Peer 1: 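Before anything else, here's the structure in question.
Proteins come first, then strands; the chains are lettered A, B, ... in the order of their sequence lines, and each starts at number 1. Keep in mind that this is a model prediction, so the values were computed, not measured.
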Protein chains: 2
Amino acid sequence: MAGRGPYAKGLARRAEILSAALDVVAENGYSRSYVNDIAERVGLTHTGLMHYFASREELYEEVIRARDVSDRTAYTTGARGVEGYFAVIEHNRHVPGLVQLYAEFSADAAHPGHPSHAFFVERYAYLREALARDVELAQADGAMGATADPTEVAELLIATADGLQVQWLHDHRIDMAGRLRALWRALCLASHVRDAAREDARKGAGDD
Amino acid sequence: MAGRGPYAKGLARRAEILSAALDVVAENGYSRSYVNDIAERVGLTHTGLMHYFASREELYEEVIRARDVSDRTAYTTGARGVEGYFAVIEHNRHVPGLVQLYAEFSADAAHPGHPSHAFFVERYAYLREALARDVELAQADGAMGATADPTEVAELLIATADGLQVQWLHDHRIDMAGRLRALWRALCLASHVRDAAREDARKGAGDD
DNA sequence: GTCTATAAAAGGATAGAC
DNA sequence: GTCTATCCTTTTATAGAC
């Protein structure tokens with residue numbers, strides 16, 4: 001039975017802290033979210049909280065990591081393909097703290113030498129490959145044309161999703177998922193046109 | 001004759017400070033760029049620098065503002081349309097400090113209550129409208145189909161450019177402008193397909 | 001216009017008790 | 001597992017002299 005002893009209690013506490021961190025970020029932004037404020041919110045002192053995380057950056061890394069795991073199980077299971085990714089982006093509108101954290105933290109960590117730089121580099125690589133495979137699935141069932149490069153499409157989707165989230169932070173009227181799906185449809189359409197053009201060229205060459 | 005008196009000297013100093021700020025951001029990232037370091041770099045003390053700018057945020061706002069002005073005169077003059085925007089993004093690869101600053105600062109300022117929040121909101125609005133007009137020009141000369149919504153295309157271009165810049169910060173091998181132009185071509189292609197579809201529908205309706 | 005000095009605040013991290 | 005106390009370091013900002 002899970003829930004026995006201090007181990008389970010520690011895990012629950014960690015989860016509580018991660019959730020509180022998102023609340024604080026939603027209220028103050030990442031750069032003005034202080035460990036102290038988070039600790040207060042869960043009824044701990046600064047030091048008490050530091051028992052669970054070695055540093056501020058590690059704490060926020062954990063927030064992203066935990067979200068990635070839960071998003072993955074909730075939205076990308078089964079054969080949903082790219083739609084799973086769109087669903088995550090759509091859901092993010094209910095988690096402003098996460099969007100704010102991600103935007104600031106990932107930009108901050110873009111700098112080499114940042115303690116979380118490697119984490120984000122790996123995360124991008126993972127996400128890119130996962131999405132590229134989803135694009136391949138879409139190509140297999142004909143939604144996306146064969147001429148499209150899966151990795152390029154994946155990078156474009158990620159870039160656009162990231163940018164849309166920053167725009168959404170500035171103006172919540174923006175429909176992030178809607179825009180992203182529109183991009184996807186346009187890319188599908190364009191790839192089919194290119195497939196047809198290539199087919200024509202092949203036939204033309206065959207006539208020689 | 002420009003260059004007379006303390007006025008011109010002050011302007012030169014300001015420009016020097018803005019340039020030094022970009023260097024420091026390139027080296028340390030925005031969140032770890034301190035007024036003191038910038039002052040040192042231009043041979044001033046912290047206090048000496050604060051004579052020119054009221055606060056840290058104002059200084060960085062000025063950096064972006066100054067860049068916007070120079071980019072505008074250098075790349076978007078004449079009838080270059082969206083290509084002017086792509087050229088700016090392409091050039092940004094030579095200004096890593098600017099890209100880093102923009103990514104971090106704009107994400108930071110996404111939070112309402114940030115001293116530069118209004119600045120970025122207005123900047124987005126301006127950029128969106130300027131690009132939407134460029135899209136309309138492209139529609140006028142046939143590059144972009146009539147079915148495309150200029151504002152939607154503009155928002156998509158901005159979002160993608162922003163996201164690509166963050167990705168580029170993490171991995172300089174990414175060809176920001178190349179990817180953005182590929183997106184543009186796909187959007188053009190897709191809009192033409194939709195134009196044709198709409199035309200077909202119109203003719204079909206006419207047959208009734 | 002620039003400096004010295006200093007405020008003022010804080011924000012992250014650690015040692016050691018309970 | 002959590003707290004008290006404290007440290008260390010930084011960063012921004014201001015007052016006032018030169």
Side-chain angles (χ1 to χ4, degrees), chain A residues 2-21 23-25 27-63 101 104-105 108-109 111 113-117, chain B residues 3-21 23-25 27-63 101 104-105 108-109 111 113-116:
Chain A
R4 165 172 41 80
Y7 186 59
K9 189 181 168 191
L11 281 182
R13 204 45 143 172
R14 281 178 74 94
E16 199 187 347
I17 292 168
L18 298 181
S19 168
D23 293 344
V24 175
V25 171
E27 282 171 30
N28 306 331
Y30 166 70
S31 72
R32 277 164 304 285
S33 290
Y34 309 120
V35 179
N36 218 335
D37 300 338
I38 303 170
E40 230 173 74
R41 192 162 301 226
V42 295
L44 279 180
T45 59
H46 173 220
T47 333
L49 194 153
M50 294 306 273
H51 174 72
Y52 297 91
F53 304 94
S55 70
R56 183 178 186 263
E57 283 86 5
E58 193 188 288
L59 192 167
Y60 286 111
E61 233 186 80
E62 278 307 311
V63 174
L101 170 64
E104 285 190 64
F105 195 28
D108 196 8
H111 205 266
H114 187 285
S116 294
H117 182 66
Chain B
R4 163 171 43 81
Y7 186 60
K9 188 180 169 192
L11 282 182
R13 210 32 150 181
R14 282 178 73 94
E16 198 187 347
I17 292 167
L18 297 182
S19 168
D23 294 344
V24 174
V25 171
E27 283 171 31
N28 306 331
Y30 166 70
S31 70
R32 277 163 304 284
S33 290
Y34 309 120
V35 180
N36 216 339
D37 300 338
I38 302 170
E40 231 172 73
R41 191 161 303 225
V42 295
L44 278 180
T45 58
H46 171 223
T47 333
L49 194 152
M50 294 305 275
H51 174 73
Y52 296 91
F53 303 94
S55 69
R56 182 177 186 263
E57 283 86 4
E58 193 188 288
L59 192 167
Y60 285 111
E61 233 186 78
E62 277 309 309
V63 173
L101 170 65
E104 285 192 63
F105 195 29
D108 196 7
H111 205 265
H114 188 286
S116 294

Peer 1: Can you name the side chain to side chain donor-acceptor pair (under 3.5 Å) partners of B:Y60, sequence neighbours left out?
Peer 2: none
Peer 1: Can you name the side chain to side chain donor-acceptor pair (under 3.5 Å) partners of A:E58, sequence neighbours left out?
Peer 2: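 Counting only residues at least two positions away or on another chain, A:E58 forms no side chain to side chain donor-acceptor pair (under 3.5 Å).
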Peer 1: Looking at D:dT2, I'd like to know if its phosphate oxygens (OP1 or OP2) sit under 4.0 Å from a side-chain N or O belonging to A:R13.
Peer 2: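 Result: yes.
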Peer 1: Test the B:R13-B:F53 pair against the cation-pi criterion, namely NZ or CZ under 6.0 angstrom from the six-membered ring centroid and within 45° of the ring axis.
Peer 2: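 Cation-pi check for B:R13 and B:F53: fails.
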Peer 1: Take atom NE2 of B:H51 and atom C1' of C:dT2, then tell me their distance rounded to the nearest Å.
Peer 2: 8 Å
Peer 1: Restricting to side-chain contact (heavy atoms from CB on, under 4.5 Å), what partner residues turn up for A:H114, sequence neighbours left out?
Peer 2: A:E57, A:F105, A:D108, A:A109, A:S116, A:H117, B:R32
Peer 1: Looking across every strand, which nucleic acid part, if any, lies under 4.0 Å from A:L49 by heavy atom: base, sugar-phosphate, or nothing?
Peer 2: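 The answer is nothing, as A:L49 stays clear of every strand by at least 4.0 Å.
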Peer 1: Write down the distance between CG (A:N28) and P (C:dG11), rounded to a whole number of angstrom.
Peer 2: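 After rounding, the gap between these two atoms is 10 Å.
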Peer 1: Expressed as a whole number of angstroms, how long is the span from A:E58:CD to C:dA13:P?
Peer 2: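 It is 10 Å, rounded to the nearest whole Å.
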Peer 1: Using whole Å, report how far OH of A:Y52 lies from P of C:dA13.
Peer 2: 18 Å
Peer 1: In this structure, how many angstroms lie between the C1' atom of C:dT2 and the CD atom of B:E16, rounded?
Peer 2: 14 Å
Peer 1: Name each donor-acceptor pair under 3.5 Å that joins a side chain in residues 35-42 of chain A to protein atoms two or more places apart or in another chain, with its distance.
Peer 2:
residue : atom : partner : partner atom : Å
A:R41   : NH1  : A:E27   : OE2          : 3.1
A:R41   : NH2  : A:E27   : OE1          : 3.2

Peer 1: Output every pair passing salt bridge (charged side-chain N to carboxylate O under 4.0 Å, His left out) with a member in residues 45-55 of chain B, not counting sequence neighbours, ordered by first then second residue.
Peer 2: none
Peer 1: Could you state the CG-P distance from B:D37 to D:dT9, rounded to the nearest angstrom?
Peer 2: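 Result: 17 Å.
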Peer 1: Go along nucleotides 12-18 of chain D 5' to 3' and tag each nucleotide: B for a protein heavy atom under 4.0 Å from its base, S when only backbone or sugar atoms are that close, - otherwise.
Peer 2: BBBB---
Peer 1: What is the distance, rounded to the nearest whole Å, between atom CZ of B:R32 and atom P of C:dG12?
Peer 2: 12 Å
